[in-house]
Undergrad: 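Mind looking over this structure? Questions follow.
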Amino acid sequence: QVHLVESGGGSVQAGGSLRLSCAASAYTYSDYCMGWFRQAPGKEREAVALLSSTTTYYAASVQGRFTISLDNAKNTLYLLVNSLKLEDTAMYYCAASPKLVCSVSIGDYDYWGQGTQVTVSA
């Protein structure tokens, strides 16, 4: 079992930045793909950034603006979100999958956090 807790969301003006954090109860970097997903109202949940020992993935819409990273010592996954746009407004979720080749399919992720809200205003 992996327990995930996100934090760091908030309200920010367009062009601003946030750092999202996901504290994991216990996992081994070599055993899991960790990722960030987001879901805007009325839209499907989508993969934003994924990280494993074999994969780093960014959605095209966030490439160059978002950075995913991992602090193994703290068992914490981060997502640095820069140059925020109105369309980045969503609930952001941390997830873990036992598949090392990261998948964008939400069905491949066994563990989910409760989410942290990011709201971008003009």
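When a residue number appears, it is its place in the shown sequence, counting from 1.
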Undergrad: Could you tell me whether the side chain of Thr119 reaches within less than 4.5 Å of the side chain of Val12, counting heavy atoms only?
TA: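 No - every pair of side-chain heavy atoms lies 4.5 Å or more apart.
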Undergrad: Looking at side-chain heavy atoms only, is the closest gap between Cys94 and Trp36 below 4.5 Å?
TA: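 Side-chain contact under 4.5 Å: yes.
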Undergrad: Between Ser97 and Asp108, is there a donor-acceptor pair closer than 3.5 Å when you use the side chain of the first and the backbone of the second?
TA: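 Confirmed, Ser97 side chain pairs with Asp108 backbone.
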Undergrad: Test of understanding: with side chain to side chain contact (heavy atoms under 4.5 Å, CB included), list the residues that count as partners of Ser17, not counting sequence neighbours.
TA: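 Counting only residues at least two positions away or on another chain, Ser17 forms a side chain to side chain contact (heavy atoms under 4.5 Å, CB included) with Asn82.
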Undergrad: Does Ser7 have any side chain to side chain donor-acceptor pair (under 3.5 Å) partners at least two apart in sequence or in another chain, and if so, which?
TA: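 In terms of side chain to side chain donor-acceptor pair (under 3.5 Å), with neighbours along the sequence ignored, Ser7 is linked to no residue.
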Undergrad: What residues form a side chain to side chain contact (heavy atoms under 4.5 Å, CB included) with Gln13, not counting sequence neighbours?
TA: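 With neighbours one apart ignored, the set is Ser121.
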Undergrad: Could you tell me whether the side chain of Ser25 and the main chain of His3 form a donor-acceptor pair under 3.5 Å?
TA: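 Checking the backbone N and O of His3 against the side chain of Ser25, a donor-acceptor pair under 3.5 Å is found.
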Undergrad: Against Leu20, only a single residue in Tyr78, Tyr93, Tyr92, Phe66 fulfils side-chain contact (heavy atoms from CB on, under 4.5 Å); can you say which?
TA: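 Going through Tyr78, Tyr93, Tyr92, Phe66 one by one, the side-chain contact (heavy atoms from CB on, under 4.5 Å) with Leu20 is satisfied by Tyr92 alone.
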Undergrad: Kindly write out the residues that satisfy salt bridge (Lys or Arg N to Asp or Glu O under 4.0 Å) with Arg19, not counting sequence neighbours, or none if the list is empty.
TA: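 Counting only residues at least two positions away or on another chain, Arg19 forms no salt bridge (Lys or Arg N to Asp or Glu O under 4.0 Å).
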Undergrad: Is there a donor-acceptor pair closer than 3.5 Å between any side-chain N or O of Tyr109 and the backbone N or O of Gly35?
TA: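 Here the side-chain-to-backbone pair does not exist.
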Undergrad: Could you tell me whether the side chain of Thr89 and the main chain of Val120 form a donor-acceptor pair under 3.5 Å?
TA: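 Flag set: sc Thr89 to bb Val120 pair under 3.5 Å.
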Undergrad: What pairs of donor and acceptor atoms, side-chain ones from residues 43-50 against any protein atom, are under 3.5 angstrom apart with sequence neighbours left out?
TA:
residue: Arg45; atom: NE; partner: Gln39; partner atom: OE1; Å: 3.2
residue: Arg45; atom: NH2; partner: Gln39; partner atom: OE1; Å: 3.3
residue: Glu46; atom: OE2; partner: Arg38; partner atom: NE; Å: 2.8
residue: Glu46; atom: OE2; partner: Arg38; partner atom: NH2; Å: 3.4

Undergrad: Please check this pair: side chain of Thr54 against backbone of Leu100, looking for a donor-acceptor N/O pair closer than 3.5 Å.
TA: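 Here the side-chain-to-backbone pair exists.
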Undergrad: What pairs with Thr56 under side chain to side chain contact (heavy atoms under 4.5 Å, CB included), at least two apart in sequence or on another chain?
TA: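 Leu51, Tyr58, Ile68.
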